[in-house]
Structures are given as C-alpha cells and as structure tokens.
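Side chains are part of it too, since the values below use all heavy atoms of this structure and drop only hydrogens, waters and symmetry mates. Sequence lines set the chain letters: A, B, ... in the order given, protein chains first and strands last, and positions in each chain run from 1.
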There are 2 protein chains.
Amino acid sequence: MRDQNPARGLQRAELARRTGANLETVRYYEKVGLLPPPPRTASGYRSYDKAHERRLSFVLRGRELGFSLDEVRALLRLVDERDQPCAEASRLAATHLADVRTKIADLRRMEGVLKRVVAQCGDGTRPDCPLIETLFRETTVE
Amino acid sequence: MRDQNPARGLQRAELARRTGANLETVRYYEKVGLLPPPPRTASGYRSYDKAHERRLSFVLRGRELGFSLDEVRALLRLVDERDQPCAEASRLAATHLADVRTKIADLRRMEGVLKRVVAQCGDGTRPDCPLIETLFRETTVE
DNA sequence: CTTGACCCTGTAGTTACTACAGACCTTACC
DNA sequence: GGTAAGGTCTGTAGTAACTACAGGGTCAAG
C-alpha cells in the first residue's frame, strides 16, 4: 500500500481519483499552466496538497459548465489577482451562457431535421431514402 | 476573367464558392477520401464537374446536421454500394439523433446553472462571487 | 532480489479543419 | 514580349483538449 499520510502529500493518481480527473489530464493541466507545478520528492515524484486539489476541482467544474480552458484560466486569474472579481467573472459567464444558447439552438435545428427524416424513413424499406434525399436535395438550414 | 465554360470543369475556388465550402476544406475532403480525386488539367489543376459538386454538397449538408466525417463516409458508402440503403441510413440517423439529444441535455444543464449564477451575480458588486463560489464549492451535476 | 505497481519524460494520436510557405501557372495589360 | 496580379499546386504546422503510449526509473512487499 502506498503512503496515505497527508503530511507527505498526494501522488498524482490519488489526486486524480479524488477529483475525478483522468490521470494524464492532471499533468496536462500543469503543462498548460492551469495547475501550479507541485513540489517534488527526492526522486522526482509530484506531491500535491489540498490547495492543488481545490484548484483542480475548480478547473474540472468549470469544464463541466462548458467553459474553455482559456476561460477557466481567466477565471483563475480573477481569483488570484482581483479583490472584486464578480463583475468580470459574471461577464465571462454571461458571454459563455450566450455561446451555450447558440449551441443549443444549433442542436435543436439538427434534432428537428433528424427527427423528421427518421420518422419518414420508418422501417427502412423505402427505395428513396428520405435521409439521403435530404442530404442530396435540400438545404438543411433556411 | 477565368474560364466558366462547363465543359472544362470547375476550378477548386469555383467549387468552393458554389457549395459554400472553404477552399482548403475541398482539398481536405479529397485527402480523407470524401471526395474522389478529380481529373487534372495538363498543368495539374483540379477540374471538377457536377458530380463532385453534388457529392461535396452532400458532405456539407451532413456536417450541418452534425454527422461526423466518419458517419458521412458511411452514408456515402451506402449511396455508392447499396441498393436499399434506407434501413442502414436510418439507423445511423437515429443513433446520431440520440447523440444530439444527449448534447442538448448536457447544454441545457449548463445553461440552467449559468443562468442561475449570472442572475445571482447581478451587477457584479458582491464580494463573494456566486460563480466563483459555485466552481469552488458545488458539484455542478447531481 | 524479483515482481508488480506506481512514477517520470517526451511524443504521437485524435477531430475537422484552417492557414501558411514556397513554388508554379495563367491572364490581363502595356 | 514582359511583368504584375492573381490563381493553383504541394506539404506541413497550427488549433482545442485531451488521451495514450514507449521506454525508463523508483519503491515496497514477500
């Protein structure tokens, strides 16, 4: 069994397990500057603490809300450098919310067309496949 | 003025313009096998015809419906090789429709959380930013 | 002292393009 | 005939956000 003593810090796999991140993602986030490089043991192993865990969770939750890594980086900068980050953070969130709504609208348009053609295809015995005809003939957007 | 005589075929830029594709995308689709390599002029220029235009439009419309290039490739194979492609095509579309609906559900969850936090942030004068607190504290998914 | 489980690094692969750089060709105009 | 502007060609590198090795080092238990 590996060392679980909190005074010695978490290994990468433990941090990944505790946060739900993929093992490789932890190293990736360090590489792109979203996680600070942790101290190393004598043999070069990374040793994380609670602050790393907190920060990694922040990034992962940001990702769950659909923020890009650049947006998460901006949010982290606000956390680190600003006293009153709410106005800027809220602006970022509002912009992102608009992006999300645009994506939903796009997907709903796709859903509508797909639903229609799947219904028209029925049991798939038609010689003129409505899906294929749609792709050849129609514009899918007005 | 360039040659517009249909007997001589379309150049790449013309094909792109007529279909709405990006110029580089045309070559890319050829490279990944979605468009057949067109005949070349004596000096090596690609020369497209109506069949290419039709096929490229098919790919672009498939993309507008959110199909991956692999899925579009599969649909094109059905068009080329099968007499009765509708059953298989419809299955592909139904699978893709389910994917689209999953994405919509994900985005709606994001939208709900973002809408809430943006509302809570209000004019951005709060010292405890609801967005940042959410990212640090909550799980965004139940 | 070996086995197995972890850790390290750097790099390559993924999707679907997009954007060059450097070279060649064609056309219009003078 | 010359030249400048615009097309075209190729291959390659860049984008986002990871993910997955390969080839090596380390560490603890039996």
Side-chain angles (χ1 to χ4, degrees), chain A residues 1-5 8-35 37-48 52 56 59-76 96 99 103 106 110, chain B residues 1-5 8-35 37-48 52 56 58-76 96 99 103 106:
Chain A
M1 203 59 79
R2 300 322 282 278
D3 189 4
Q4 298 283 47
N5 181 348
R8 294 251 220 119
L10 294 82
Q11 284 196 327
R12 190 151 56 103
E14 285 174 275
L15 181 67
R17 186 179 42 72
R18 289 167 68 105
T19 55
N22 179 297
L23 183 63
E24 300 289 317
T25 304
V26 176
R27 193 160 64 97
Y28 174 70
Y29 283 171
E30 179 182 331
K31 195 174 93 179
V32 300
L34 286 165
L35 280 181
R40 302 292 186 113
T41 67
S43 60
Y45 286 22
R46 288 173 182 82
S47 180
Y48 296 100
H52 290 102
L56 177 54
V59 176
L60 293 171
R61 285 172 190 146
R63 297 290 298 136
E64 280 171 8
L65 288 182
F67 287 103
S68 70
L69 292 189
D70 270 354
E71 288 167 330
V72 172
R73 218 186 313 272
L75 289 169
L76 283 169
H96 177 51
D99 292 350
K103 281 192 186 132
D106 286 348
M110 296 178 196
Chain B
M1 205 57 79
R2 302 317 283 278
D3 188 6
Q4 298 284 47
N5 181 347
R8 294 251 219 119
L10 295 83
Q11 285 197 325
R12 192 152 54 104
E14 286 174 275
L15 182 67
R17 187 180 41 72
R18 291 168 66 104
T19 55
N22 179 299
L23 182 63
E24 300 290 314
T25 304
V26 176
R27 192 160 64 98
Y28 173 70
Y29 284 170
E30 179 182 331
K31 194 174 92 180
V32 299
L34 286 165
L35 280 181
R40 304 290 185 114
T41 67
S43 59
Y45 285 21
R46 287 172 182 81
S47 180
Y48 296 101
H52 289 102
L56 177 53
F58 185 100
V59 176
L60 293 171
R61 284 173 191 146
R63 296 291 298 136
E64 280 170 9
L65 288 182
F67 287 103
S68 70
L69 292 188
D70 268 354
E71 288 167 330
V72 171
R73 219 187 314 271
L75 289 169
L76 283 169
H96 177 52
D99 291 350
K103 281 191 185 133
D106 286 347

Q: Is A:Glu14 side chain donor-acceptor paired with the C:dC6 base, going by distance under 3.5 Å alone?
A: no

Q: By the 4.0 Å heavy-atom rule, please label B:Phe67 as base, sugar-phosphate, or nothing.
A: nothing

Q: Closest-nucleotide mapping onto DNA chain C: is B:Ala42 or B:Tyr28 further toward the 5' terminus? I mean the 5' end.
A: B:Tyr28

Q: Start at the 5' end of DNA chain D and walk down; is the nucleotide closest to B:Ala13 or to B:Glu24 reached first?
A: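 By nearest-heavy-atom nucleotide position, the 5'-most residue is B:Ala13.
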
Q: Given atom NZ of B:Lys103 and atom P of C:dT15, what is their separation to the nearest angstrom?
A: 13 Å

Q: Round to the nearest Å and state the distance from B:Leu23 atom CG to C:dT18 atom P.
A: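 It is 11 Å, rounded to the nearest whole Å.
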
Q: Rounded to whole angstroms, how far apart are CG on A:Leu65 and P on D:dA17?
A: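 So the two atoms are 14 Å apart, to the nearest Å.
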
Q: Taking only the side-chain heavy atoms of A:Arg40 (C-beta and beyond), determine which of C:dC8, C:dT18, D:dA20 contains the nearest atom.
A: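 The nucleotide sitting nearest to the side chain is C:dC8.
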
Q: D:dG7 P sits how many Å from B:Arg17 CZ, rounded?
A: 11 Å

Q: Just N and O in the side chain of A:Tyr29: are any of them under 4.0 Å from OP1 or OP2 of D:dC18?
A: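 For D:dC18, OP1 or OP2 has a side-chain N or O of A:Tyr29 closer than 4.0 Å.
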
Q: At under 4.0 Å, does any side-chain N or O of B:Arg46 touch on OP1 or OP2 of D:dT10?
A: yes

Q: Taking 4.0 Å as the cut-off, does a side-chain nitrogen or oxygen of A:Ser68 come that near to OP1 or OP2 on D:dA16?
A: no

Q: Mind calculating the distance between CD (A:Glu30) and P (D:dA17) to the nearest angstrom?
A: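 Distance check: A:Glu30 CD to D:dA17 P gives 18 Å.
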
Q: Is the backbone N or O of A:Val32 less than 3.5 Å from a side-chain atom of A:Arg73, with the two atoms forming a donor-acceptor pair by type?
A: yes

Q: Supply the atom-to-atom distance A:Glu24 CD to A:Arg12 CZ, rounded to the nearest 0.5 angstrom.
A: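 Answer rounded to 0.5 Å: 5.5 Å.
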
Q: If you take atom types as modelled and just measure distance, does the side chain of B:Gln11 reach the base of D:dC9 with a donor-acceptor pair under 3.5 Å?
A: no

Q: Is the backbone of A:Leu65 close enough, under 3.5 Å, to the side chain of A:His96 for a donor and an acceptor to pair up by distance?
A: yes

Q: Please tell me which of A:Arg27 and B:Asn22 maps to the more 5' nucleotide of DNA chain C, matching each residue to the nucleotide holding its nearest heavy atom.
A: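 It is A:Arg27, whose closest nucleotide lies nearer the 5' terminus.
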
Q: With a cut-off of less than 4.0 Å, is there a side-chain N or O of B:Ser43 near OP1 or OP2 of C:dT26?
A: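 Answer is yes, contact under 4.0 Å.
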
Q: For a quick test of reading the model, state the closest non-hydrogen atom pair linking A:Arg63 to A:Leu69 and the distance between them.
A: CD-CD2, 3.4 Å

Q: Minimum heavy-atom separation for B:Ala21 to B:Leu60, with atom names?
A: CB-CD1, 3.7 Å

Q: Take atom CG of A:Leu35 and atom P of D:dC18, then tell me their distance rounded to the nearest Å.
A: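 Rounded to the whole Å, the gap is 12 Å.
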
Q: Grab the CD-C1' distance between B:Glu71 and C:dT15 for me, whole Å please.
A: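 After rounding, the reported distance stands at 12 Å.
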
Q: Given C:dG10, D:dA17, D:dC9, which nucleotide is nearest the side-chain atoms of B:Arg12?
A: D:dC9

Q: Mind calculating the distance between CZ (A:Arg73) and C1' (D:dA16) to the nearest angstrom?
A: 11 Å

Q: At what distance, to the nearest 0.5 angstrom, does CG of A:Leu23 lie from CD of A:Gln11?
A: 10.5 Å

Q: Closest to the B:Tyr45 side chain: C:dC20, C:dC17, D:dT8?
A: D:dT8

